[in-house]
Amino acid sequence: MSTAAETRARIVSGASLGAPGPADPERCSAVAIEALSHAAGEGFGMTSLSLDVASAKLGAGDVEIRARVEKRTWSIAFASAEAWLGEQLVFLAQGLFTRRRQD
């Protein structure tokens with residue numbers, strides 16, 4: 001079993017997540033799924049997603065999303081992601097991935 005491996009940061013605009021209002025959970029979910037899936041890698045499909053979205057209004061600027069694989073075996077991967085606008089937390093996400101069957 002391997003342990004945490006971080007992927008490069010992805011930058012999205014605060015407006016794409018709902019700024020100047022609070023972060024939109026649906027938009028955050030889409031971005032989180034994309035970041036987590038990229039971290040888990042090809043051959044893995046998402047089995048479950050846990051998403052916590054902050055309720056504070058987002059300011060102007062770019063949101064940095066960092067995703068990493070916390071643990072990986074041959075058949076499963078646990079990944080997490082954090083999104084920050086400066087020092088303001090936008091969302092936290094965790095995903096469980098399983099290896100896709102090769103038919």
Note to self: Donor-acceptor pair, distance only, cut-off 3.5 Å: does the side chain of R72 make one with the backbone of A79?
What the structure shows: no
Notebook entry, point to check: Which residue, L85, V31, D24, V53, forms the side-chain contact (heavy atoms from CB on, under 4.5 Å) with L17?
Noted result: V31
Notebook entry, point to check: Minimum heavy-atom separation for S80 to L36, with atom names?
Noted result: C-CD2, 3.5 Å
Checklist line | Residue pair A67 / A39: nearest heavy atoms and the distance that separates them | finding: CB-CB, 4.0 Å
Next item on the list: Check for a donor-acceptor pair, side chain of R100 on one end and backbone N or O of E42 on the other, with a separation under 3.5 Å.
Entry: no
Check: Closest approach of G59 and A19, non-hydrogen atoms and distance?
Finding: O-CB, 3.7 Å
Item checked: Gap between atom CG of L49 and atom CD of Q94 - 0.5 Å precision -> 8.5 Å
Item checked: Minimal non-hydrogen separation, F91 against A32, with atom names -> CE1-CB, 3.7 Å
Notebook entry, point to check: Do F78 and L51 share a hydrophobic cluster (ILVMFWY, side-chain heavy atoms under 4.5 Å, transitive)?
Noted result: no
Next item on the list: Report yes or no: do L92 and W84 belong to one cluster of Ile/Leu/Val/Met/Phe/Trp/Tyr joined by side chain heavy-atom distances under 4.5 Å?
Entry: yes
Notebook entry, point to check: Going from OG on S29 to CZ on R27, what distance comes out if it is rounded to the nearest 0.5 angstrom?
Noted result: 13.0 Å
Note to self: Once rounded to the nearest 0.5 Å, what's the spacing between atom SG of C28 and atom CG of D52?
What the structure shows: 11.0 Å
Checklist line | Common cluster, I33/F97, ILVMFWY with side-chain heavy-atom separation under 4.5 Å | finding: yes
Item checked: Nearest atoms (heavy-atom pairs only) where F44 meets R99 -> CZ-NH2, 3.4 Å
Item checked: Student check: side-chain heavy atoms of E34 and R10 closer than 4.5 Å -> yes
Next item on the list: Specify the closest pair of heavy atoms between A35 and I65, including all atoms of both residues, with the distance to one decimal.
Entry: CB-CG2, 3.9 Å
Note to self: Rounded to the nearest 0.5 Å, what separates atom CG in D62 from atom CD1 in I11?
What the structure shows: 6.0 Å
